[in-house]
Asker: 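Here it is, the structure, as structure tokens.
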Amino acid sequence: MAELDIGTSFIPALFKPSALLPIARHRERLLYLIETFPITIVVGQTGSGKTTQIPQYLDQAGWCLEGKTIAVTQPRRVAATTVAARVAEEMRCKLGQEVGYSIRFEDVTSSATRIKFLTDGLLLREALVDPLLSRYSVIMVDEAHERSLSSDVLLGLLKKILRKRPDLRIVVSSATLDAQNFLRFFVGDSTEENGKENGNGENEPGGSIGRIINLEGRMYPVDIHYLEEPAEDYVEKAVETVFEIHTNEPEGDILIFLTGREEIETMIERIADRLDSINPSAPKLQPLPLYAGLSTDQQMYVFEPAAENTRKVIVSTNIAEASVTIDGIVYVLDCGFVKLRAYNPTTGIETLTAVPVSKASATQRAGRAGRTKPGKCYRLYTEQAYERLAESTVPEIQRSNLAPVILQLKALGIDNIARFNYITAPPSELVVRALELLYSLGALDDYAKLTKPLGTRMAELAVEPMMGKVLLSASTFDCLSEILSIAAMTSLQGAVWFSHEGEKKAQDIARRKFAAEEGDHLTLLNVYQAFVTKGKKEAKWCRDNYLNFKSMTRAVSIRNQLKRYIERFGINVEESLGKEAGILRAGGAGKAEKIRRCLTAGFFAHAARMQPDGTFRTVDGGTLLHAHPSSLMFNRKADWVIFHEIMETGNKTFIRDITKIEKAWLTEYAPEYYRITKR
DNA sequence: GCCTTGTTG
């Protein structure tokens with residue numbers, strides 16, 4: 001940012017006098033609404049200052065007296081930490097004192113903390129031990145319009161808590177489109193009066209429950225352009241548009257939204273191919289990729305200022321829509337598609353496919369061009385196509401595997417899942433499938449009540465239900481120490497290996513050093529054990545072995561956390577770290593078999609059999625599966641296996657983290673499940 | 001022959 005240096009360098013660049021923010025004009029109205037109504041919906045564009053200012057107004061107005069705290073939830077960890085730092089700076093206090101944050105593995109709060117930023121998932125966990133969230137006077141749910149699983153569940157829970165805590169105040173921050181929807185959610189079917197007949201003279205849809213307040217943002221106008229004819233190949237169209245902008249439009253960086261890594265790499269190659277066509281004396285173009293799979297270092301390039309006389313072209317996935325904000329973008333290109341996860345309750349298979357974006361999403365993308373000055377957005381589709389788009393993206397709760405959600409709701413004391421206050425209810429097929437799985441794992445009884453201690457413990461463990469079952473069975477299989485490591489490693493979701501371009505072969509060779517005959521789970525165990533013993537938890541060792549140091553460090557934290565839980569349940573953890581590594585690799589019978597049996601006791605629903613041609617079939621024979629290329633079983637022989645994850649991408653269904661088992665173990669550990677599904 | 005994005009005292 002170009003600002004005059006007038007010698008006041010002690011004021012950080014971030015700092016803007018808060019009195020100048022547009023929100024300052026709404027201070028009194030905001031405080032009045034929050035004082036008067038249980039619910040306040042705040043509609044605020046980016047740059048309105050709602051996240052940083054509202055908690056401070058509340059603190060100044062006395063909402064933190066008598067030891068009470070204001071909670072502000074965020075959907076992402078980085079947001080919680082950076083916003084907390086910003087507010088601490090504005091209040092001129094040390095982070096962790098009056099202002100703090102709390103995210104998994106990092107609690108930067110103290111007894112002095114009055115304003116606490118935290119992830120919405122973590123606040124949900126707090127409700128397990130403090131069901132009325134009694135330490136908070138105000139809870140602000142930020143970015144609620146993103147409709148993440150945890151913020152949806154949190155809002156439903158808050159509605160329930162309100163009935164028992166009339167003193168509690170809830171602030172929901174949302175985009176325009178959803179404000180009415182959120183208010184209706186809190187008013188509708190409530191035990192309180194609902195506005196039409198509240199008799200207090202206020203004829204507003206929120207009745208005596210709540211109000212909506214609009215805050216202006218600090219956005220510059222963005223010109224929207226559409227194609228006249230649909231594009232046959234939007235990557236090609238995007239490349240052409242980049243060069244048109246570059247030759248005809250004034251300076252300013254370009255951000256392009258595509259759906260995935262492959263498209264991004266294609267686009268970058270095509271731009272590079274045509275760079276020679278630019279007049280050598282003209283300004284240059286610097287294409288840069290941005291997607292979650294890149295290392296942190298590789299991602300940092302997009303934030304660095306371009307070389308002189310050079311225009312940055314950032315080619316990104318949806319990560320730049322809300323999670324990552326880049327300054328200096330003046331032109332946005334939107335391909336009109338996004339890859340979304342969806343869970344098929346009939347097959348139990350997750351899909352990852354490109355689908356048209358929603359209007360809300362397209363608006364958000366366009367807005368990325370207007371952060372620092374007026375911008376332009378080129379939609380690589382026609383205006384008619386835009387009109388046909390859905391208003392908003394289907395919320396996660398309607399397209400996810402709900403087993404973890406239902407387990408959590410049950411643990412929060414919400415027994416009647418069907419009558420829970422959902423902002424939008426999930427399809428009943430999803431609920432039924434989740435209940436069936438939880439029942440087959442023994443987490444629910446015949447009356448769909450949480451079992452004790454198994455069900456309640458599974459809900460407390462921060463892993464998915466199937467892995468929770470494995471962890472809680474491990475001591476009876478005499479392999480708890482190993483399973484703790486395996487659970488931590490699978491939680492990394494494939495981010496174990498570090499891939500640099502052109503080093504694929506070396507990486508494969510490195511991987512073979514850890515390979516276990518029995519499959520991926522034991523290989524992951526070997527990696528973990530080597531990291532903490534031979535690797536001394538050092539970055540250099542990871543580099544030498546093509547492992548992701550950050551992920552490995554995270555695995556150590558996850559394992560420690562899981563171990564603490566297990567010990568709190570009164571289960572003894574006998575560490576065998578390091579001793580067994582050699583034995584496992586040699587295929588040493590005893591321990592390895594115990595681990596495979598234990599995994600089967602939790603993952604019996606994820607079983608498959610290899611066919612002579614190397615592909616797999618599900619147990620009922622119905623679905624064709626492929627070992628993911630990252631799996632050891634991609635080019636090895638096996639018979640029956642269990643797997644951690646199943647996902648359909650493009651036109652193939654992949655399974656990953658695969659381990660060999662015996663067929664007989666399935667009926668041994670899940671007799672009912674295999675009787676039911678075989679018919 | 002390969003994963004969009006988040007996240008759990």
Side-chain angles (χ1 to χ4, degrees), chain A residues 73-80 102-109 116 118-130 143 146-154 257-265 290-294 316-324 335 337-342 350-355 357 361 393 395-396 399-400 404-405 407-408 411 458-465 467-468 487 491-495 497 499 504 507-508 554 557-558 560-565 568 614 626-631 634-635 645-656:
Chain A
T73 72
Q74 295 293 322
R76 283 167 289 276
R77 292 160 56 92
V78 253
S102 191
I103 58 179
R104 190 182 185 187
F105 305 128
E106 267 180 84
D107 184 10
V108 186
T109 63
K116 174 169 158 185
L118 72 175
T119 50
D120 34 34
L122 197 56
L123 186 61
L124 269 180
R125 299 229 135 225
E126 286 190 5
L128 283 179
V129 284
D130 177 10
E143 317 287 3
E146 288 187 20
R147 303 295 308 273
S148 73
L149 259 183
S150 13
S151 79
D152 265 23
V153 173
L154 181 59
F257 286 99
L258 296 178
T259 69
R261 194 185 71 182
E262 199 180 325
E263 280 178 5
I264 289 171
E265 281 168 1
L290 177 64
Y291 49 89
L294 291 174
S316 172
T317 60
N318 216 33
I319 192 172
E321 191 180 300
S323 308
V324 171
C335 77
F337 285 85
V338 63
K339 272 193 191 170
L340 279 190
R341 251 178 206 264
E350 240 177 0
T351 55
L352 184 64
T353 40
V355 294
V357 292
S361 207
T393 311
E396 272 186 335
R399 54 183 167 88
S400 302
V405 176
L407 192 60
Q408 196 166 35
M458 276 170 65
E460 275 193 63
L461 286 169
V463 291
E464 278 160 30
M467 190 53 92
S491 295
L492 301 174
Q493 298 178 137
W497 303 97
S499 59
K504 282 266 186 285
Q507 188 191 319
D508 276 352
R554 189 171 164 83
S557 304
I558 296 173
N560 284 337
Q561 193 182 51
L562 293 174
K563 185 180 171 185
R564 277 201 304 276
Y565 273 115
R568 222 179 54 215
H626 299 267
H628 191 274
S630 67
S631 170
F634 180 68
N635 47 19
E645 197 184 40
I646 177 162
M647 180 166 276
E648 185 188 327
T649 54
N651 43 18
K652 273 189 180 171
T653 306
F654 292 103
I655 54 177
R656 38 191 306 165

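For the numbers below, each heavy atom of this structure counts, side chains included, while hydrogens, waters and symmetry mates do not. A, B, ... follow the sequence lines: proteins, then strands. Residue 1 opens every chain.
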Asker: Between the main-chain N or O of A:Arg104 and the side-chain N or O of A:Arg77, is there a donor-acceptor pair closer than 3.5 Å?
Answerer: yes
Asker: Rounded to whole Å, please give me the gap between CD in A:Glu143 and P in B:dT5.
Answerer: 18 Å
Asker: Just call it for A:Thr317: base, sugar-phosphate, or nothing, with non-hydrogen atoms closer than 4.0 Å on any strand.
Answerer: sugar-phosphate
Asker: Which comes earlier along DNA chain B counting from the 5' end, the contact point of A:Asp107 or that of A:Val338, where each point is its nearest nucleotide?
Answerer: A:Val338
Asker: Does A:Thr259 have a side-chain nitrogen or oxygen under 4.0 Å from the phosphate oxygens OP1 or OP2 of B:dT4?
Answerer: no
Asker: Is there a donor on the side chain of A:Arg76 or the base of B:dT7 sitting less than 3.5 Å from an acceptor on the other?
Answerer: no
Asker: Send over the distance from A:Lys339 NZ to B:dT5 C1', rounded to a whole Å.
Answerer: 12 Å
Asker: Of all the nucleotides listed (B:dT8, B:dC3, B:dT5), which has the minimum atom distance to the side chain of A:Arg104?
Answerer: B:dT8
Asker: Measure from CZ on A:Arg554 to P on B:dG6 and round the result to the nearest Å.
Answerer: 12 Å
Asker: B:dG6 C1' sits how many Å from A:Ile319 CD1, rounded?
Answerer: 10 Å
Asker: Say you draw a straight line from OG1 of A:Thr317 to CZ of A:Phe257; how long is it, rounded to the nearest 0.5 Å?
Answerer: 8.5 Å
Asker: Check the side chains of A:Ser361 and A:Glu321 for a donor-acceptor pair under 3.5 angstrom, ignoring hydrogens and angles.
Answerer: yes
Asker: Quick one: on DNA chain B, does A:Arg564 or A:Tyr291 contact a more 5' nucleotide (nearest heavy atom)?
Answerer: A:Tyr291
Asker: In whole angstroms, how far is the C1' atom of B:dT7 from the CD1 atom of A:Ile103?
Answerer: 11 Å
Asker: Hey, is the side chain of A:His628 poking within less than 4.0 Å of OP1 or OP2 on B:dC3, counting only N and O atoms?
Answerer: yes
Asker: Using a strict cut-off of less than 4.0 Å between a Lys/Arg side-chain nitrogen and an Asp/Glu carboxylate oxygen, indicate whether A:Arg76 and A:Glu146 qualify as a salt bridge.
Answerer: yes
Asker: A:Gln408 near the nucleic acid: base, sugar-phosphate alone, or nothing, with a heavy-atom cut-off under 4.0 Å?
Answerer: nothing
Asker: Please state how far atom CD in A:Glu350 lies from atom P in B:dC3, giving the value in whole angstrom units.
Answerer: 12 Å
Asker: Whole angstroms only, please: what is the CG-P distance between A:Leu492 and B:dT7?
Answerer: 14 Å
Asker: Can you identify which nucleotide, out of B:dG1, B:dG6, B:dT4, has its nearest atom closest to the A:Arg341 side chain?
Answerer: B:dT4
Asker: Calculate the interatomic distance between A:Phe257 atom CZ and B:dT5 atom P; express it in whole Å.
Answerer: 12 Å
Asker: Considering only side-chain heavy atoms of A:Thr649, which listed nucleotide, B:dT5, B:dT8, B:dC3, is closest?
Answerer: B:dC3
Asker: Are A:Thr119 and B:dT8 close enough that a side-chain N or O sits under 4.0 Å from OP1 or OP2?
Answerer: yes
Asker: OP1, OP2 of B:dT8 versus side-chain N and O of A:Arg77: anything below 4.0 Å?
Answerer: yes
Asker: For the residue pair A:Phe654 and A:His626, does the interplanar ring angle fall in the parallel (under 30°), tilted (30 to 60°) or perpendicular (over 60°) class?
Answerer: tilted
Asker: Contact class for A:Leu340 (heavy atom, under 4.0 Å): base, sugar-phosphate, or nothing?
Answerer: nothing
Asker: Do A:Thr393 and A:Arg147 come within less than 4.5 Å of each other through their side chains, counting heavy atoms only?
Answerer: no
Asker: Would you please confirm or rule out a distance under 4.0 Å between OP1 or OP2 of B:dG6 and any side-chain N or O of A:Ser323?
Answerer: yes
Asker: Once hydrogens and angles are ignored, does a donor-acceptor distance under 3.5 Å link the base of B:dT8 to the side chain of A:Glu126?
Answerer: no
